[in-house]
Amino acid sequence: MLDYRFIKENLKEVKENVEKRRVKANPELVAELYDKRNSLIHDIEDLRKKRNENSSKISGKLSSDERTVYVEKGKELKVKIAELEDELSKIEKELYIEALKIPNMSHPDAPVGEGEEDNREVKKWGSVPSFDFKPKDHVELGKILDIVDFDTATKVSGQKFYYLKNEGVYLELALVQYALDTLRDEGFVLTITPDIAKDEIASGIGFNPRGKESNIYHLEETSTCLVGTAEITLGGYYANSFISPSALPVKMAGLSHCFRKEAGAAGKFSKGLYRVHQFTKVEMFIYSHPLQSDKMHEYLLSIEEKIFQGLGLPYRIVDTCTGELGGPAYRKYDIEAWMPGRGETGGWGEVTSASNCTDYQARRLNVKLKEDGKKMFVHMLNGTAIAVSRAIVAILENFQQGDGSVKIPSVLTKYSGFKEIERKV
RNA sequence: GGAGAGAUGACCGAGAGGCCGAAGGUGCACGCUUGGAAAGCGUGUGUACCCCAACAGGGUACCGCGGGUUCGAACCCCGCUCUCUCCGCCA
């Protein structure tokens with residue numbers, strides 16, 4: 001979230017940004033509530049001061065008459081204070097809820113726009129494969145290679161679940177290892193994170209753990225949820241703490257499962273592995289000095305590129321437009337890999353996303369840094385190293401052969417133990 | 001899951017209704033001392049928010065979290081969470 005005072009003092013800019021982001025939020029109301037809150041606090045503190053003075057008089061030697069007077073006075077003050085405190089807590093609740101709706105400010109260079117079509121393509125890498133046969137999509141390939149089974153998963157778990165089978169299993173593990181090795185070499189601290197997190201952590205990151213629109217699964221009778229990404233568990237790692245400036249940037253990688261409800265997300269590009277309720281992902285996370293975060297953002301993107309270049313997958317980089325940034329991001333780069341099975345002629349499909357969330361998450365999670373006696377919130381960034389299910393889509397579809405077999409990127413073979421997957425049916 | 005013990009500032013640790021934002025110690029910072037260092041001495045050393053031009057000053061709150069009792073609560077009462085020990089269960 002943004003700082004209340006910042007909202008009030010930069011009302012014009014915040015309003016403009018809300019427009020750019022295409023979100024429903026009311027910065028003016030926040031500023032108003034903030035003022036109301038402050039004046040209430042002022043009054044309450046004043047009364048509390050009186051109460052403290054009054055009660056300290058009672059501790060001295062007093063006649064019983066005097067004593068009674070002060071006690072009565074104290075009782076009066078107590079009632080008044082309680083009234084104002086009730087009012088304050090209402091206002092604060094409202095203020096908080098309203099402030100939460102306000103998105104992060106946007107990077108001046110982020111393209112302004114509404115939807116996908118307004119994203120700015122900043123780079124293309126590799127060449128889109130041309131086939132001398134009609135390429136299959138990954139669903140069909142998964143079936144004939146006998147490595148992905150949707151039908152049984154639908155019976156057992158429901159729609160948008162899948163079993164990985166046979167080489168599919170090794171393919172997932174190989175991708176994970178490849179990503180982890182890459183990140184280890186980059187000096188990241190490797191972790192396997194919990195797949196469950198407390199609501200307060202999830203919402204600190206910017207996920208709404210409850211509610212119908214929420215994309216994440218809340219666990220009944222607990223105040224926890226299944227993580228939609230390890231961004232949550234990695235971002236919670238340093239919640240409520242100070243990080244020493246000399247330790248920055250803190251670079252962490254987290255392997256986790258990701259669970260997403262994806263309610264109402266059915267669509268033409270949602271088939272197969274592209275949009276599923278559960279997948280495995282290696283996530284990168286950086287706690288950065290505020291002055292370094294733009295640079296760290298580029299760094300995360302460069303690692304993502306390295307990983308996809310290593311896999312030999314053609315991709316493009318997109319600078320996400322303001323309407324698509326989501327609440328916490330200040331700027332976001334997506335990598336979209338070429339997916340020949342997408343639509344009639346193939347298309348780009350998002351495989352990674354790197355966001356600079358500046359201090360938006362750190363403020364709620366209370367992750368600070370003290371430098372020269374000054375305290376500030378750290379900047380938090382996240383990026384996908386490998387979202388396994390989507391990487392599999394791209395690999396199967398790009399590296400398919402005329403006979404339906406699929407060649408495996410050479411960087412993976414030392415982990416997978418095979419160079420290609422042969423057709424089984 | 002059952003039983004017990006505990007949760008105080010960066011850390012250790014006092015405290016058992018008003019004199020406590022909190023003794024003492026350690027650590028840390030600065031200064032003195034020294035050829036230099038150690039020791040020693042002195043001073044300082046939490047967080048958040050509000051007022052304010054002010055990292056000058058003032059105020060309020062915070063002793064795990066949330067309620068309650070009281071004129072007044074770190075201290076009393078209730079609920080919760082977490083940690084430790086023992087038992088059970090178990091990959």
Side-chain angles (χ1 to χ4, degrees), chain A residues 1-10 30-100 192-204 209 218-225 233 236-248 256-257 290 359-378:
Chain A
M1 70 191 310
L2 293 179
D3 181 51
Y4 297 150
R5 189 189 293 198
F6 176 87
I7 294 170
K8 186 189 158 183
E9 288 172 358
N10 300 275
V30 172
E32 244 169 69
L33 289 167
Y34 179 65
D35 282 339
K36 241 186 231 177
R37 160 188 178 261
N38 285 355
S39 88
L40 268 173
I41 286 178
H42 191 83
D43 294 347
I44 289 172
E45 290 186 346
D46 209 50
L47 287 172
R48 287 209 271 236
K49 188 181 175 188
K50 287 195 180 115
R51 175 199 63 192
N52 292 348
E53 284 166 359
N54 186 68
S55 58
S56 70
K57 280 178 192 150
I58 299 179
S59 61
K61 277 180 196 164
L62 295 172
S63 70
S64 69
D65 279 358
E66 280 174 313
R67 193 183 174 81
T68 312
V69 170
Y70 287 126
V71 169
E72 284 309 313
K73 173 100 176 146
K75 283 184 182 173
E76 264 173 49
L77 286 168
K78 182 158 67 164
V79 173
K80 271 192 211 160
I81 290 171
E83 274 170 19
L84 291 187
E85 279 174 344
D86 280 355
E87 205 180 326
L88 176 64
S89 89
K90 269 186 216 142
I91 299 272
E92 289 211 298
K93 233 173 248 165
E94 204 184 333
L95 172 61
Y96 184 66
I97 289 168
E98 287 303 321
L100 233 41
I192 297 178
T193 83
D195 288 337
I196 289 175
K198 292 182 183 174
D199 291 347
E200 67 209 62
I201 301 292
S203 51
H218 191 262
L219 297 175
E220 213 175 327
E221 292 177 7
T222 71
S223 45
T224 59
C225 54
T233 39
Y237 198 91
Y238 285 105
N240 295 315
S241 56
F242 279 90
I243 301 180
S244 129
S246 61
L248 295 175
S256 83
H257 291 117
D359 59 0
Y360 193 86
Q361 299 171 322
R363 184 167 292 107
R364 281 191 67 190
L365 291 170
N366 192 28
V367 188
K368 286 188 273 196
L369 135 86
K370 201 186 279 184
E371 191 179 56
D372 303 327
K374 277 191 184 170
K375 278 150 287 184
M376 57 193 121
F377 292 104
V378 303

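Naming convention: chains lettered A, B, ... in sequence-line order (proteins, then strands); numbering from 1 in each chain.
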Pairs in or reaching into residues 76-90 of chain A: which pass salt bridge (Lys or Arg N to Asp or Glu O under 4.0 Å), with residues at least two apart or in two chains? A:Arg48-A:Glu85
For B:C86, the nucleotide meeting Watson-Crick or G-U wobble distances (both under 3.5 Å) is B:G2
Distance, rounded to the nearest Å, where A:Glu53 contributes CD and B:U60 contributes P: 8 Å
Rounded to the nearest angstrom, tell me the gap between atom CZ in A:Arg37 and atom C1' in B:C51. 13 Å
Scan nucleotides 52-59 of chain B against the protein and return all N/O pairs shorter than 3.5 Å with their distances rounded to 0.1 Å.
| unit_1 | atom_1 | unit_2 | atom_2 | d |
| --- | --- | --- | --- | --- |
| B:G59 | N2 | A:Glu45 | OE1 | 3.2 |
| B:G59 | N2 | A:Glu45 | OE2 | 3.1 |

Distance between C1' atoms of B:G79 and B:C87 (Å, rounded): 26 Å
B:C62 P sits how many Å from A:Ile44 CD1, rounded? 13 Å
In whole angstrom, give the distance that lies between atom CZ of A:Phe377 and atom P of B:U47. 13 Å
Derivation and outcome, side chain to side chain contact (heavy atoms under 4.5 Å, CB included), residues A:Asp359 and A:Val378: CA-CA 6 Å; A:Asp359 59 0; A:Val378 303; over 6 Å; no
Nearest whole angstrom, please: distance from the P of B:A48 to the CG of A:Asn240. 12 Å
Is there a side-chain polar atom (N or O) of A:Lys368 under 4.0 Å from OP1 or OP2 of B:A48? yes
So if I define the base as every atom that isn't primed, P, OP1 or OP2, how would nucleotides 64-79 of chain B read as a B/S/- string at a heavy-atom cutoff under 4.0 Å? ------BBS-------
Main chain of A:Ser203, side chain of A:Arg364: is a donor-acceptor contact present, judged purely on distance under 3.5 Å? yes
Rounded to whole angstrom units, what separation is found between the CE atom of A:Met376 and the C1' atom of B:A48? 18 Å
With A:Ser55 via side-chain hydrogen bond (donor to acceptor under 3.5 Å, both in side chains) - residues at least two apart: none
Would you confirm whether A:Arg37, through its side chain, and A:Glu92, through its main-chain N or O, come within 3.5 Å as a donor-acceptor pair? no
For B:G17, what is the paired nucleotide under Watson-Crick or G-U wobble rules, both distances under 3.5 Å? none
Between B:C84 and B:G64, how many Å separate the two C1' atoms, rounded to a whole number? 15 Å
Gap between atoms CG and P, on A:Asp35 and B:C49 respectively (whole Å): 16 Å
Identified pairing partner of B:A7, criterion: Watson-Crick or G-U wobble below 3.5 Å: B:U81
Separation of A:Asn366 atom CG from B:C62 atom P, in whole Å? 19 Å
Return the pairing partner of B:A61 with a 3.5 Å limit on both distances, Watson-Crick or G-U wobble; otherwise return none. B:U47
Could you give the distance separating B:U47 and B:C11 at their P atoms, to the nearest angstrom? 13 Å
Counting only heavy atoms not in A:Leu219 (residues, nucleotides, ligands), do more than 12 fall under 6.0 Å from its CG? yes
Measuring only the P atom in each nucleotide, how far is B:C76 from B:G17? A whole number of Å is fine. 8 Å
Report the C-alpha distance between A:Tyr360 and A:Leu2 in whole Å, list the side-chain angles of each, state the deciding distance to 0.1 Å, and finish with yes or no for side chain to side chain contact (heavy atoms under 4.5 Å, CB included). CA-CA 6 Å; A:Tyr360 193 86; A:Leu2 293 179; 4.1 Å; yes
Rounded C1' spacing from B:A74 to B:A22 in Å: 8 Å
Please list, chain by chain and in numerical order, all residues satisfying ring-ring contact (aromatic ring centres under 6.0 Å, His included) with A:Tyr238, sequence neighbours excluded. A:Tyr287
Any strand: nucleotide that pairs with B:U33 via Watson-Crick or wobble, under 3.5 Å: none
Work out how far the P atom of B:G15 is from that of B:C75, and round it to whole angstrom. 15 Å
Please list, chain by chain and in numerical order, all residues satisfying salt bridge (Lys or Arg N to Asp or Glu O under 4.0 Å) with A:Glu45, sequence neighbours excluded. none
In whole angstrom, give me the gap between the P atoms of B:C12 and B:C71. 37 Å
Please walk me through it: do A:Tyr4 and A:Leu95 pass side chain to side chain contact (heavy atoms under 4.5 Å, CB included)? CA-CA 9 Å; A:Tyr4 297 150; A:Leu95 172 61; 3.6 Å; yes
Nearest-Å distance once atom P is located in both B:G25 and B:G13: 16 Å
Checking N1-N3 plus N6-O4 or O6-N4 for Watson-Crick, or N1-O2 and O6-N3 for wobble, each under 3.5 Å, the partner of B:A54 is none
When all nucleic acid strands are considered with a 4.0 Å heavy-atom cut-off, which category describes A:Tyr4: base, sugar-phosphate, or nothing? nothing
Between CD1 of A:Ile44 and CD1 of A:Ile81, what distance do you get to the nearest 0.5 Å? 8.5 Å
